[in-house]
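Take a look at the structure below.
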There are 2 protein chains.
Amino acid sequence: MRDEGGHAGVAASCRPITDILTRVGDKWSVMVVILLGNGTKRFNEMRRLIGGISQRMLTLTLRGLERDGLVTRTVFPTVPPRVDYALTDLGRSLLVPISALGAWAHGHRDAIDAARLAFDARVDANAAQDS
Amino acid sequence: MRDEGGHAGVAASCRPITDILTRVGDKWSVMVVILLGNGTKRFNEMRRLIGGISQRMLTLTLRGLERDGLVTRTVFPTVPPRVDYALTDLGRSLLVPISALGAWAHGHRDAIDAARLAFDARVDANAAQDS
DNA sequence: CAGTATCCGGTCGGATACTG
DNA sequence: CAGTATCCGACCGGATACTG
């Protein structure tokens with residue numbers, strides 16, 4: 001019982017993981033979660049803090065996180081309107097493994113950059129040889 | 001020093017994390033890494049085990065992981081050709097936070113599904129009201 | 001067996017304009 | 001302020017055909 005016995009169950013057992021990773025692995029979700037990790041924020045406040053995200057994408061990202069129960073959206077019926085976003089308990093619990101992955105990414109950043117440079121150099125060398 | 005002081009540094013500090021997550025958050029990378037996590041595999045062997053991935057995507061996924069120094073590719077100049085894929089030390093170290101995230105995903109799967117159902121029901125109810 | 005090459009539909013995400 | 005609506009280019013990923 002090591003790696004054999006894999007009919008199609010491998011894909012099935014990874015489905016939830018991949019599912020989460022595609023939610024959190026998109027262009028902005030992690031940044032939003034981490035940002036909300038240190039406090040409630042308003043819409044345009046996040047927009048400014050992130051700097052580079054479009055209105056549309058911030059809305060879509062927040063809606064996705066809200067749908068998954070990671071973020072709450074609180075509307076104050078004032079004028080001008082005010083909407084607060086915050087992490088739920090579920091969202092805060094996600095912060096733990098996300099931070100672990102973040103720490104890994106930060107810690108191995110140089111190694112990855114070096115690997116990329118080496119790989120690209122090797123590819124370029126091969127391409128030049130095929131002239 | 002809590003959440004203020006964010007000019008544009010938030011995006012910068014999340015760049016490596018997002019970078020890793022877009023690599024690992026694509027459709028197949030996690031599955032491939034976990035699969036290689038319990039041993040060296042050959043190309044078509046992985047293709048069968050994953051079941052559902054196209055030849056093209058498996059190639060691209062493996063090339064990406066190889067480029068980042070997470071996977072090694074060993075070609076045996078035999079006939080028919082044989083190519084072995086395995087995790088590097090870096091790749092194995094990634095397995096740790098990935099597994100943590102996997103455990104989180106697995107553990108909170110029901111909560112997320114429930115949140116989605118509730119959210120969709122709420123949206124449907126609002127849509128019906130706007131008839 | 002282990003790829004590469006090409007085509008092509010679907011989705012992601014930015015830009016812009018408009019609204020309560 | 002906090003969105004929605006629309007358009008559109010870029011990229012992702014599957015299907016298919018071909019190769020050493």
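Side-chain atoms are counted along with the backbone in the values below, which use heavy atoms only and exclude waters and symmetry mates. Lettering of chains follows the sequences in order, A, B, ..., and the numbering in each one begins at 1.
Atom CZ in Phe43(A) sits roughly 9 Å away from atom C1' in dC1(D) (whole-Å rounding). With rounding to whole Å, Arg48(A) atom CZ is found 14 Å from dG3(D) atom P. Rounded to an integer number of Å, the gap from CD of Glu45(B) to P of dA2(C) is 9 Å. Counting to the nearest Å, the C1' atom of dG3(C) and the CD atom of Gln55(B) are 6 Å from each other. Rounded to whole Å, atom P of dG13(D) lies 12 Å from atom CE of Met31(B). The interatomic distance linking Glu66(A) (CD) with dG3(D) (P) rounds to 9 Å, in whole Å. Distance NZ (Lys41(B)) to P (dG3(C)): 16 Å, rounded to an integer number of Å. With rounding to whole Å, Leu62(A) atom CG is found 11 Å from dA2(D) atom P.
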For DNA chain D, what dot-bracket results from Watson-Crick or G-U pairs at under 3.5 Å, with [ ] for crossers and | for inter-strand partners? ||||||||||||||||||||

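For dC1(C), neither phosphate oxygen OP1 nor OP2 lies less than 4.0 angstrom from any side-chain nitrogen or oxygen of Tyr85(B). Checking the phosphate oxygens (OP1, OP2) of dC1(C), no side-chain nitrogen or oxygen of Arg42(B) falls inside 4.0 Å. Here Arg63(A) reaches the OP1 or OP2 of dG3(D): one of its side-chain N or O atoms lies under 4.0 Å away. For the pair Arg73(A) and dG3(D), the criterion of a side-chain N or O lying under 4.0 Å from OP1 or OP2 is met.
The two residues Asp89(B) and Arg92(B) have their closest heavy-atom pair at OD1-NH2, 2.7 Å. The minimum heavy-atom distance between Arg116(B) and Asp68(A), with the atom names listed, is NE-OD1, 2.6 Å. Scanning both residues, Trp104(A) and Ser93(B), for their nearest heavy atoms gives NE1-OG, 2.9 Å.
The distance from atom CG of Asn38(B) to atom CG of Leu87(B), rounded to the nearest 0.5 Å, is 9.5 Å. Atom CE of Met57(B) sits about 4.0 Å away from atom CG of Leu60(B), to the nearest 0.5 Å. Here CG of Asp113(B) is found 13.0 Å from NE2 of His108(B). Values are rounded to the nearest 0.5 Å. In this structure, the separation between OG1 on Thr72(B) and OH on Tyr85(B) is 9.5 Å, given to the nearest 0.5 Å.
The side chain of Pro80(B) lies closest to dC1(C) when the candidates are dG3(D), dC1(C), dG3(C).
Put simply, the residue from Leu65(A), Ile98(A), Leu94(A) that forms a side chain to side chain contact (heavy atoms under 4.5 Å, CB included) with Ser29(A) is Leu65(A).
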For nucleotides 10-14 of chain C, give me every protein contact, N/O to N/O, under 3.5 Å, one pair per line with atom names.
from	atom 1	to	atom 2	distance (Å)
dG13(C)	OP1	Lys27(A)	N	3.4
dG13(C)	N7	Arg56(A)	NH2	2.5
dG14(C)	OP1	Lys27(A)	NZ	3.1
dG14(C)	OP2	Ser54(A)	OG	3.2
dG14(C)	O6	Arg56(A)	NE	3.1

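Side-chain contact between Lys41(A) and Asp84(A) is absent, with no heavy atoms from C-beta onward closer than 4.5 Å.
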